[in-house]
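The block underneath contains the structure these notes are about, expressed in structure tokens.
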Amino acid sequence: MSTAVSSGMLAGQVEREEPVPTRTLPEFRVGEVVVHHAAEEDIPAIVTLNNLYAPDGLTLTRSEAFVTAHLQDYQVIKGADGRIRGQVALDEYAPSLAEIVSLAVAPDQQGQGLGQCLITAAEHLARERGHREIFAISLAEALFLRMGYTLTSIEIYPEKIARYRSISRSELSIGRKFCFTKAL
């Protein structure tokens, strides 16, 4: 079980040399689906959706303070009613490397391709920021392989292992976690 991270840098986290712009960024379209950069009013819903999957080890628990501190890294898909249908975030490790994190789709919205749209949007944001490689730790093996990722070992990302250890040693032993990588 992971614990919430309230604020501050985690072990292995790289400070950005230049702050990520806080301006409102344009929406990103994946076919008919519109992906928006998250806004402050989205924070409670992001935390709720993310933490829905934390007890099963599918996401790490996130607090409102954490999401607020990393808001520029979150993207969301909203329904016509304004409810968040899915979300994703980037976690930067180095100028050339980012991880897809907090990938979650509302239970009643699954099976509609939203996970693929969110991954595509995360890749787009990573390219915009100049990252040349992206990786993900996930149990969704078929999804990531279908999206052109290669199965690899978490061992090639010692900075990720260090971060897991700083959060909770159990994160390294929950089930069989798959590690996927893709050059951008």
Side-chain angles (χ1 to χ4, degrees), residues 5 10 12-14 16 18-39 42-43 45-47 49-54 58-62 66-79 84-106 109-152 154 156-157 159-160 163-164 177-184:
V5 178
L10 298 175
Q13 196 166 18
V14 175
R16 295 182 177 102
E18 296 178 21
V20 174
T22 55
R23 62 183 168 78
T24 302
L25 297 171
E27 61 190 32
F28 179 74
R29 291 188 169 274
V30 182
E32 297 296 315
V33 177
V34 179
V35 183
H36 301 273
H37 288 274
D42 298 328
I43 293 170
I46 289 170
V47 171
L49 180 56
N50 181 88
N51 293 346
L52 179 67
Y53 297 104
L58 300 175
T59 60
L60 294 177
T61 301
R62 300 294 189 205
F66 180 91
V67 174
T68 299
H70 298 274
L71 190 60
Q72 72 277 359
D73 300 321
Y74 278 86
Q75 298 178 87
V76 296
I77 297 171
K78 294 182 178 182
I84 292 180
R85 298 171 60 201
Q87 66 189 38
V88 69
L90 280 184
D91 194 359
E92 297 178 345
Y93 283 83
S96 63
L97 179 66
E99 178 186 10
I100 294 174
V101 297
S102 299
L103 176 62
V105 175
Q109 299 294 306
Q110 293 182 3
Q112 300 177 38
L114 298 182
Q116 290 181 85
C117 293
L118 290 162
I119 292 168
T120 299
E123 292 171 358
H124 178 76
L125 181 59
R127 280 188 203 94
E128 281 184 348
R129 293 183 177 176
H131 299 297
R132 293 185 308 271
E133 180 182 357
I134 195 165
F135 76 99
I137 306 296
S138 177
L139 297 174
E141 183 177 21
L143 172 62
F144 281 95
L145 293 176
R146 186 170 57 247
M147 302 252 345
Y149 285 74
T150 303
L151 188 60
T152 189
I154 192 173
I156 68 170
Y157 300 110
E159 51 280 80
K160 177 63 177 181
R163 198 166 302 169
Y164 266 156
K177 293 187 181 222
F178 298 101
C179 184
F180 305 93
T181 186
K182 185 176 188 179
L184 297 176

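Numbers here simply count residues along the sequence, with the first being 1.
Here the side chains of Tyr93 and Asp91 are in contact, with some heavy-atom distance below 4.5 Å. The shortest distance between side-chain heavy atoms of Lys160 and Ile154 falls below 4.5 Å. At a threshold of 4.5 Å between non-hydrogen side-chain atoms, the residues Glu133 and Ser96 do not count as touching. Looking at Val35 and Arg29, their side chains never come closer than 4.5 Å, going by heavy atoms from C-beta outward. Residues Glu99 and Ile137 have side chains in contact (heavy-atom distance under 4.5 Å, counting atoms from C-beta outward). Residues Leu103 and Phe144 are in side-chain contact: their nearest non-hydrogen atoms beyond the backbone lie under 4.5 Å apart. Proximity of Met147 to Gln116: side-chain heavy atoms (C-beta onward) are separated by under 4.5 Å at one or more points. Side-chain atoms of Glu123 and Lys182, non-hydrogen and from C-beta on, do get closer than 4.5 Å to each other.
Looking at His131, its side chain does come within 3.5 Å of a backbone N or O of Pro95 through a donor-acceptor pair. Proximity of a side-chain donor or acceptor of Gln110 to a complementary backbone N or O of Val105 within less than 3.5 Å is detected.
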Would Phe180 and Tyr149 count as a ring pair (Phe, Tyr, Trp, His ring centres under 6.0 Å) if you check the C-alpha gap in whole Å, the side-chain angles of each, and the deciding distance to 0.1 Å? CA-CA 6 Å; Phe180 305 93; Tyr149 285 74; 7.0 Å; no
Would Phe135 and Tyr157 count as a ring pair (Phe, Tyr, Trp, His ring centres under 6.0 Å) here? Give the steps. CA-CA 9 Å; Phe135 76 99; Tyr157 300 110; 4.0 Å; yes
Full working for side chain to side chain contact (heavy atoms under 4.5 Å, CB included) between Phe66 and Thr61: CA-CA 10 Å; Phe66 180 91; Thr61 301; over 6 Å; no
Kindly determine whether Thr181 and Leu151 satisfy side chain to side chain contact (heavy atoms under 4.5 Å, CB included), including the steps that lead there. CA-CA 7 Å; Thr181 186; Leu151 188 60; over 6 Å; no
Leu114 vs Arg85, test: side chain to side chain contact (heavy atoms under 4.5 Å, CB included). Steps then yes/no. CA-CA 8 Å; Leu114 298 182; Arg85 298 171 60 201; 3.7 Å; yes
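If you run side chain to side chain contact (heavy atoms under 4.5 Å, CB included) between Cys117 and each of Ile77, Val88, Val34, only Ile77 comes through.
Considering every non-hydrogen atom in both Leu49 and Ala104, the closest pair reads CD2-O, 3.8 Å. Here the closest heavy-atom approach between residue His37 and residue Leu125 is recorded as CE1-CD1, 3.8 Å. Contact record, Ala126 with Ile134: CB-CD1, 4.0 Å, taken as the closest heavy-atom pair.
Distance check, rounded to the nearest 0.5 Å: OG of Ser102 to CD of Gln87 gives 6.0 Å. A distance of 16.0 Å separates NE2 of His124 from CD1 of Ile119, quoted to the nearest 0.5 Å. In this structure, OG on Ser138 lies 8.0 Å from CG on Leu58, to the nearest 0.5 angstrom.
Listed by chain and residue number, nothing satisfies the ring-ring contact (aromatic ring centres under 6.0 Å, His included) test with Tyr53 (two or more places apart in sequence, or in another chain). Take Asn51 and apply the side-chain hydrogen bond (donor to acceptor under 3.5 Å, both in side chains) test, not counting sequence neighbours, and it matches no residue. With sequence neighbours left out, the side chain to side chain contact (heavy atoms under 4.5 Å, CB included) criterion links Ala38 to Asp42, Ile46, Leu71, Tyr74, Val76.
A salt bridge links Asp73 and Arg129; the closest N-O separation between the charged side-chain nitrogens and carboxylate oxygens is under 4.0 Å.
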